[in-house]
Amino acid sequence: MNILTLSPQFANLRIEAGEHESSETRLDLRCWLRDSNRLVDRQSTDLGDSGCSLRIYDASGSIRAESLQHGIGSVRYRPPSPNGLAGDCVIQANLPSAAFANLLALCLAGHVSRHFHLTLDEVKYDPSGALVWDKEAIPCLTVLSISAEANLPLVEESVHAVDA
């Protein structure tokens, strides 16, 4: 499996409503690739060096949720801008309403996951362990799955009740 692991640095909840009954709820996270992960192009340029934008949508209510042949989202590379902004990867994932609600509830309670693991299609590991993306041939990668874990605080009384 081709797994890319992201570590969020900050999160932002975006709720939008517009004309014609369009609305959207999205969780935006600015992430860095974990030290053990690298996403490179065929010239070995590190595509995640400047971080990544991870946008997680409630698929049932999003006007921007992609209709994909397979998978739950996509990865696109945004090249450096003429005004000096570095290039970065923009990742979109569409979650079913229940999964999105659970993730949002954890985030709002202060339990943002320390890592998001993405399974990607159309990339291969090179001998150094980096994921190689031929972004000229395949401008948009498919995200097959996303997973996250949140550490929840344990109440000491609950631990003793289980021991009894």
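Every value quoted in this text rests on a predicted model; they were computed, and no experiment measured them.
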Say you draw a straight line from [atom1] of [X] to [atom2] of [Y]; how long is it, rounded to the nearest 0.5 Å?
X	Y	atom1	atom2	value
Trp133	Leu120	CH2	CG	9.0 Å
Gln43	Glu136	CD	CD	5.5 Å
Leu54	Gln92	CG	CD	10.0 Å
Leu141	Glu122	CG	CD	6.0 Å

Could you see if [X] belongs to whatever hydrophobic cluster contains [Y]? Use Ile, Leu, Val, Met, Phe, Trp, Tyr and a side-chain cutoff under 4.5 Å.
X	Y	result
Leu152	Leu104	no
Leu95	Leu108	yes
Ile138	Ile72	yes
Tyr125	Val143	yes
Val112	Leu103	yes

Exercise: do Thr25 and Arg14 side chains pair donor with acceptor under 3.5 Å: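 Short answer, no.
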
Indicate whether any N or O donor in one side chain lies under 3.5 Å from an N or O acceptor in the other, for Arg76 and Ser74. yes

What pair of heavy atoms forms the shortest contact from [X] to [Y], and how long is it?
X	Y	result
Asn2	Lys124	OD1-CA, 4.4 Å
Leu39	Cys89	CD2-SG, 3.9 Å
Gly71	Thr142	CA-CG2, 3.9 Å
His117	Thr5	ND1-OG1, 3.0 Å
Tyr77	Gly87	OH-CA, 3.6 Å

Within the 4.5 Å heavy-atom criterion, are [X] and [Y] side-chain neighbours or not?
X	Y	value
Leu33	Arg38	no
Asp28	Ser53	no
Ile56	Phe116	yes

State whether Asp88 and Arg30 are salt-bridged, where the test is any N-O pair (Lys NZ or Arg NE/NH1/NH2 against Asp/Glu carboxylate O) under 4.0 Å. yes

Please confirm whether the backbone N or O of Glu149 pairs with a side-chain atom of Ser113, one donor and one acceptor, at under 3.5 Å? yes

Donor-acceptor contact present, side-chain Asp58 to main-chain Phe100, <3.5 Å: no

Which pairs of donor and acceptor atoms, one on a side chain in residues 6-13, lie under 3.5 Å apart (sequence neighbours left out)?
unit_1, atom_1, unit_2, atom_2, d
Ser7, OG, His115, ND1, 3.1
Gln9, NE2, Ser7, O, 3.4

By the definition side chain to side chain contact (heavy atoms under 4.5 Å, CB included), identify the one residue from Ile91, Leu118, Asn94, Leu4 that meets it with Ile146. Leu118

Intermediate values then yes/no, side chain to side chain contact (heavy atoms under 4.5 Å, CB included), Asn37 and Leu131: CA-CA 8 Å; Asn37 271 183; Leu131 287 171; 5.9 Å; no

